[in-house]
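The structure appears right after this line, and notes come after that.
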Amino acid sequence: MCGMPSAETTRASVHEPDLVPPTKEDPVAATGSELFGGPLGRRALTGTSWWTPVRVVALVAIGMFALGMVQKLPCYDGAWFFGASSQYTHACYSDIPHLYQGRGFADGLVPYFDKLEGDMEYLEYPVLTGVFMEVASWLTPGSGSIQDQEQVYWMVNAGMLMACTAVIAVCVTRTHRRRPWDGLLVALAPAFALTATINWDLLAVALTAAAMLMWSRSRPLAFGVLLGLATAAKLYPVLLLGPLFVLCWRAGRWRAFGTALLGAAGAWLVVNLPVMLLAPEGWSKFYTFSQERGVDFGSFWLILSQRSDAPLDTDAVNTWASVLMLLSSAGIAALTLTAPRRPRFAQLAFLIVAAFILTNKVYSPQYVLWLVPLAVLARPKWRDFLIWQACEVVYFLGIWMYLAYTTSGDAHKGLPQEGYQLAIAVHLLGTLYLCAVIMRDILMPERDVVRRSGDDDPSGGVLDGAQDAFVLGPAARPPRHAAHFEGPYVEWGGGEDKGGRESRSL
């Protein structure tokens, strides 16, 4: 694309935009397409088939989810119930069947209200996740052996989580209007399929993906409500309000941010307030457990603890982790206000959640699900995405092999401590790599594959094409271009069109 169209002919128009085929701009996607006949031809007719991108991506995502269920088959057939280490050697562990009895669902106890036996007095999950777990228990017959019930409970949850997977695939596919085929990255992500049924994280991920879609459609209230519900299911979605605040500050879009904030707070309170008032001790268990939990699997804190003669106590780790997270947040804010162009919302959303994952004192393997949709929207480049996914698969195998080693007694089947530490390092380096290329895209926006296609911020909603109202430092100067770059450069804030929306020019 070497021409220089005017603002009236750019993708900011109200007409249906031209789709960006990944096989035309991504060498890895083009090579992979050879399995299905090669890249789309120049004269191919699009939009005339039932097989739309949304339908294809959703079906592929469901198919991959089903393969992930098949991967859990050795555990379903017995490894969850017989022998401590076999569920680890087969890499098919899941919390879901174990917590059916362990958190009182088999006995009909009401989460947060009824006390549990053992060291965990109340359910240690946020309220909306607790509701999800409870609904699944209602759909689980109480007859048969406890093993039969736990198998059915896992299957019911898997069906509900499959629906969440379809929602995620559809939302990611529709968020960037011109890039629907990027949704295949979510659908085909190996770490997504492997970790989808370990826990209940997909509920929060689906609500967050739906919130991102609503923001991209300039519906801040719907975004806020969905993000508040997502935060009621898992804590991490609230982090997205931080970068959104700074973006709206730079663009002067205070009304949209205020609406989103009120919607999020209201939705979170609607879910939490009844339990907070009627069962305060049970409601607070998630927060006290998170605070009191020691250094655990997957974090760099565990490497430091295992390799230190005097490891830090839990309070010290909490303090240092909070300090590192605050410093990371401050760095992301500074990057947002000083970047040569206002960063895309999805880029900052990925960075803030990745910062939380990297600094947190625990990294469960299913936490990768938080990042997958954000990574696709932030950096839809197959090579970088697959590099990161390979690192996550290494960690997925590493943690189970390490647990197999620690639970197999003198047999020592699996991965010793040093090998597990290496797997943690691979996970950390893979996440840092993806953070690095996204930050490079922010500092050199002409390297951003989304903007190279002629868009500004397709997931930005009211931020898309908006003028800057407040910038610092380098943002006031012309952007520095990457070497040997050829392609369009999109400017924002080029005035308003007749519909009241800022137009863009190339």
Looking at side-chain heavy atoms only, is the closest gap between [X] and [Y] below 4.5 Å?
| X | Y | answer |
| --- | --- | --- |
| Pro458 | Thr175 | no |
| Met160 | Leu202 | no |
| Val368 | Gln389 | yes |
| Cys171 | Thr173 | no |
| Leu229 | Val271 | yes |
| Leu185 | Phe192 | no |
| Arg342 | Asp456 | yes |

Got a sec, which pairs hit side-chain hydrogen bond (donor to acceptor under 3.5 Å, both in side chains) with one end in residues 204-232, sequence neighbours left out?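 side-chain hydrogen bond (donor to acceptor under 3.5 Å, both in side chains) check on residues 204-232 returns no pairs.
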Can you list the residues that meet the ring-ring contact (aromatic ring centres under 6.0 Å, His included) rule with His427, with sequence neighbours excluded?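 ring-ring contact (aromatic ring centres under 6.0 Å, His included) check on His427 returns Tyr363, Tyr395.
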Using ring-ring contact (aromatic ring centres under 6.0 Å, His included) as the criterion, list what pairs up with Phe470, not counting sequence neighbours.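 Partners of Phe470 by the ring-ring contact (aromatic ring centres under 6.0 Å, His included) criterion, ordered by chain and then number, come out as Trp249.
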For residues 272-304, pull every pair meeting ring pair (Phe, Tyr, Trp, His ring centres under 6.0 Å), keeping only residues two or more places apart or in separate chains.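 Non-adjacent pairs meeting ring pair (Phe, Tyr, Trp, His ring centres under 6.0 Å): Trp283-Tyr287.
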Determine whether the aromatic ring centres of Trp382 and Phe385 lie less than 6.0 Å apart.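 No: the rings miss the under 6.0 Å criterion.
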Given Glu124, which of Arg293, Arg103, Lys285 fulfils the side chain to side chain donor-acceptor pair (under 3.5 Å) condition?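 Testing each of Arg293, Arg103, Lys285 against Glu124, the sole residue satisfying side chain to side chain donor-acceptor pair (under 3.5 Å) is Arg103.
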Test of understanding: with side-chain hydrogen bond (donor to acceptor under 3.5 Å, both in side chains), list the residues that count as partners of Arg379, not counting sequence neighbours.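 Arg379 satisfies side-chain hydrogen bond (donor to acceptor under 3.5 Å, both in side chains) with Asp384, Asp441 only.
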Donor-acceptor pairs under 3.5 Å, side chain of residues 344-354 to any protein atom, not counting sequence neighbours: which ones?
residue: Arg344; atom: NE; partner: Asp448; partner atom: OD2; Å: 2.7
residue: Arg344; atom: NH1; partner: Leu377; partner atom: O; Å: 2.9
residue: Arg344; atom: NH2; partner: Ala378; partner atom: O; Å: 2.7
residue: Arg344; atom: NH2; partner: Asp448; partner atom: OD1; Å: 3.2
residue: Arg344; atom: NH2; partner: Asp448; partner atom: OD2; Å: 3.4
residue: Gln347; atom: OE1; partner: Arg344; partner atom: N; Å: 2.9
residue: Gln347; atom: NE2; partner: Asp448; partner atom: OD2; Å: 3.3

Arg255 atom CZ, over 12 foreign heavy atoms within 6.0 Å: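 Result for CZ/Arg255: open.
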Does the salt bridge (charged side-chain N to carboxylate O under 4.0 Å, His left out) test come out yes or no for Arg177 and Asp455, once each step is laid out? CA-CA 10 Å; Arg177 293 178 186 268; Asp455 290 309; over 6 Å; no
Could you tell me if Ser453 and Arg179 have a donor-acceptor pair between their side chains, going purely by distance under 3.5 Å?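 The criterion, which ignores hydrogens and geometry beyond distance, is satisfied for Ser453 and Arg179.
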